[in-house]
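Right, one structure below, let's go through it.
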Amino acid sequence: MPELPEVEVTRRSFADRIVGARVVSLRLGAPLRWPLGCAPESLVGQFAGLAVRRGKYLWLPLSDAAASKDPAGGLLMHLGMSGSLAFTQGDTQTPAGRHDHFDLQTTQGLLRLTDPRRFGAVVWSPAIDTAPASTLLARLGAEPFDAALTPTHFHAALRARRTAVKTALLAGNIVVGAGNIYACEALFEAAIDPRTRCERLSRPRSERLLAALRATLARAIEAGGSTLRDFRDAHGAAGAFQSEARVYGRAGQPCTRCAGSVRRIVQGQRSTFFCPGCQKR
DNA sequence: CGGGACGCCTGTGAGC
DNA sequence: TGCTCACAGGCGTCCC
C-alpha cells in the first residue's frame with residue numbers, strides 16, 4: 001500500500017508529536033516480517049528523537065536521555081503493503097485489535113502499527129548506519145528529491161539497465177519512492193510507454209520522466225497520499241490523491257489526455273496501467 | 001552482477 | 001448464502 005508519499009505523510013503526522021517522549025511500554029502482536037531484534041523491555045525509559053524517512057522506511061531514533069544526542073539505537077519501520085501507523089495522544093487508548101501488531105506506549109501518546117497482511121516490519125538497530133538497518137537500506141537508490149540526482153545521473157543509471165522502465169522504477173535501486181501507483185502515474189505524466197526498455201530512453205525523455213516522478217510524488221504528498229482501501233496517516237486521516245490518478249486502476253476507462261482507453265498489462269507480476277494512445281515507446 | 005519469479009499474509013470483490 | 005479464484009499500495013531471497 002504505502003509508497004513514498006504515504007510514508008512521508010505518515011512521518012509528518014506524528015514526528016513532531018512523539019519527539020521527546022519517553023517509552024513507557026511495548027506490546028507485540030503477531031509476528032511481522034522480521035523479529036524486533038531486541039528485548040522489548042530494553043527500550044523502556046528511552047526517549048524518542050525526530051523520525052526520518054529513507055525510501056519507504058521510517059527511522060525513529062532513541063536515546064538514553066531526553067536531550068541527548070547519544071544514540072541508544074532506534075526503530076526501523078516499514079509499512080509493507082497494508083500497514084499504517086497511528087499516533088494517539090491522551091489516556092483513552094483503544095484496545096489492540098486483531099491487526100494491531102506493534103504498540104509503543106510513550107508519555108506523549110501511543111504509536112501503533114496496524115498491518116493486516118503483516119508484510120510490514122519494526123526492527124531495532126543500534127544505529128541507522130549499522131546492521132541490521134544499514135543492510136536493509138543499502139540496496140536503496142537515490143532519494144527522488146535529492147538534488148544530487150541530476151538528469152544526467154538518472155539517464156546514465158537507466159542506460160545501464162536492461163529491463164522495462166516501469167520495472168526499473170519499481171525496483172527502487174535507481175530512485176526510491178515510486179510504488180505501483182506512482183510509477184504508473186509518473187510514466188503517464190511523462191507520456192512514456194511503461195514497456196520502453198531503459199537503455200533506449202533518450203536523455204530528454206529520461207529528464208522528462210524524472211521531472212514527472214518528482215511532480216507526481218510531490219502532488220501526492222500535498223494531497224495526503226492515496227487511500228485506495230485503508231491508508232490513514234497517524235491522525236487517522238485518509239489521503240485524496242487516488243481521485244487524481246489518471247491511469248492507475250482505470251483499465252477500460254477513457255484516457256483523460258487523448259481519445260484512447262486505459263489498458264492494464266502485467267509486468268513482473270504487477271499490474272501496469274497506461275494509455276497506449278499517448279504513452280510512446 | 002543483473003533480472004525475473006517466488007513467497008510472505010489477510011482481505012475483498014467478482015463470478016458461479 | 002457460500003465457495004473459489006484473482007488480485008491487492010512491497011520487497012528480500014533465491015535461482016539462473
Side-chain angles (χ1 to χ4, degrees), chain A residues 1-10 29-35 37 53-58 76-85 97-102 113-123 125 131-141 156-187 194-195 197-199 213 216-217 220-221 223-233 238-245 247-252 264-273:
Chain A
M1 152 220 259
E3 306 181 33
L4 182 148
E6 290 74 30
V7 176
E8 179 61 19
V9 165
T10 297
L32 294 165
R33 181 159 194 177
W34 300 293
R53 180 191 56 73
R54 174 73 178 98
K56 298 169 193 169
Y57 287 90
L58 289 176
L76 190 69
M77 301 182 281
H78 198 287
L79 302 180
M81 286 273 270
S82 57
S84 60
L85 280 171
R98 169 172 164 69
H99 299 306
D100 299 332
H101 301 304
F102 179 84
L113 174 68
T114 303
D115 186 2
R117 292 177 76 176
R118 290 193 277 128
F119 291 173
V122 181
V123 176
S125 183
S134 61
T135 309
L136 292 168
L137 301 179
R139 334 163 192 277
L140 300 186
L158 282 173
R159 280 186 53 182
R161 298 301 154 88
R162 293 188 331 106
T163 186
V165 61
K166 157 68 160 31
T167 308
L169 284 182
L170 266 193
N173 44 16
I174 295 177
V175 56
V176 295
N180 213 21
I181 298 176
Y182 303 115
C184 293
E185 294 301 313
L187 285 163
R195 299 166 296 186
R197 311 294 304 179
C198 288
E199 68 272 26
L213 176 65
T216 302
L217 294 175
I221 292 170
S226 295
T227 299
L228 296 188
R229 165 167 281 121
D230 50 14
F231 171 72
R232 292 291 186 276
D233 71 13
F241 188 84
Q242 65 281 359
S243 61
E244 294 184 40
V247 285
Y248 187 86
R250 296 191 65 246
R264 174 187 176 271
I265 61 173
V266 174
Q267 293 180 291
Q269 296 103 269
R270 309 293 302 278
S271 290
T272 296
F273 298 89

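So you know, we letter chains A, B, ... as the sequences are listed, proteins then strands, and number each from 1.
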It should be established whether [X] places a side-chain nitrogen or oxygen under 4.0 Å from OP1 or OP2 of nucleotide [N].
X	N	value
Arg270(A)	dG10(C)	yes
His99(A)	dT10(B)	no
Tyr182(A)	dG9(C)	no
Thr163(A)	dG2(B)	no
Ser271(A)	dA8(C)	yes

Specify the separation, in whole Å, of atom [atom1] of [X] and atom [atom2] of [N].
X	N	atom1	atom2	answer
Leu169(A)	dG3(B)	CG	P	13 Å
Leu136(A)	dC11(C)	CG	C1'	10 Å
Asn180(A)	dA8(C)	CG	P	7 Å
Phe231(A)	dG9(C)	CZ	C1'	10 Å
Leu170(A)	dA5(B)	CG	P	13 Å
Asn173(A)	dG12(C)	CG	C1'	13 Å
Asp230(A)	dG10(C)	CG	C1'	14 Å
Asp115(A)	dC11(C)	CG	P	12 Å

Checklist entry - Contact class for Arg161(A) vs. all strands (heavy atom < 4.0 Å): base, sugar-phosphate, or nothing? => result sugar-phosphate
Checklist entry - Contact class for Phe241(A) (heavy atom, under 4.0 Å): base, sugar-phosphate, or nothing? => result nothing
Checklist entry - Counting only N and O atoms by type, is there a donor-acceptor contact under 3.5 Å from the side chain of Glu6(A) to the main-chain atoms of Glu3(A)? => result yes
Next on the checklist: Checking the side chain of Thr227(A) only, and the main-chain atoms of Phe231(A) only, is there a donor and an acceptor separated by less than 3.5 Å?
Outcome noted: yes
Item to check | For dG7(B), the Watson-Crick or wobble counterpart (both distances under 3.5 Å) | outcome: dC11(C)
Checklist entry - Now, which nucleotide makes the Watson-Crick or G-U wobble pair with dC16(B), with each of the two distances under 3.5 Å? => result dG2(C)
Among [options], which nucleotide has an atom closest to any side-chain atom of [X]?
X	options	answer
Arg117(A)	dG11(B), dA8(C), dG3(B)	dA8(C)
Arg98(A)	dG11(B), dG10(C), dC7(C)	dG11(B)
His78(A)	dG10(C), dG12(C), dC7(C)	dG10(C)
Gln269(A)	dG9(C), dG7(B), dC6(B)	dC6(B)
Thr167(A)	dG3(B), dG12(C), dG4(B)	dG4(B)

Item to check | Atom CZ of Arg54(A) with >12 non-hydrogen neighbours under 6.0 angstrom | outcome: yes
Checklist entry - Does a side-chain heavy-atom distance below 4.5 Å link Cys184(A) with Tyr182(A)? => result no
Checklist entry - Can you find a heavy atom in the side chain of Lys166(A) that is under 4.5 Å from one in the side chain of Arg195(A)? => result no
Checklist entry - Does any donor atom in the side chain of Asp115(A) or Ser82(A) lie under 3.5 Å from an acceptor atom in the other side chain? => result yes
Next on the checklist: Do the side chains of Arg53(A) and Glu8(A) get close enough for a salt bridge, i.e. N-O under 4.0 angstrom?
Outcome noted: yes
Next on the checklist: Run the side-chain contact (heavy atoms from CB on, under 4.5 Å) test on Met77(A) and Leu85(A) for me, step by step, so that the C-alpha distance in whole Å, both residues' side-chain angles and the decisive distance to 0.1 Å come before the verdict.
Outcome noted: CA-CA 10 Å; Met77(A) 301 182 281; Leu85(A) 280 171; 4.2 Å; yes
Next on the checklist: Let's test your reading of the model: under 3.5 Å, does the base of dA8(C) pair with the side chain of Arg229(A) as donor and acceptor?
Outcome noted: no
Item to check | Gap in Å between the two C1' atoms, one belonging to dG11(B) and one to dG12(C), rounded | outcome: 23 Å
Item to check | Distance between P atoms of dC9(B) and dC14(C) (Å, rounded) | outcome: 16 Å
Checklist entry - If we require ring centres under 5.5 Å and near-parallel planes under 30°, does Phe119(A) stack on dC11(C)? => result no
Grab the N/O contacts between the protein and nucleotides 13-16 of chain C below 3.5 Å, and write none if there aren't any.
residue: dT13(C); atom: OP2; partner: Arg139(A); partner atom: NH2; Å: 3.0

Checklist outcome for this item: 5'-most contact on DNA chain B (nearest-nucleotide basis), Arg118(A) vs Gln267(A), goes to Gln267(A)
Next on the checklist: With side chain to side chain contact (heavy atoms under 4.5 Å, CB included) as the test, pick out the partner of Thr272(A) among Ile265(A), Leu170(A), Val266(A).
Outcome noted: Ile265(A)
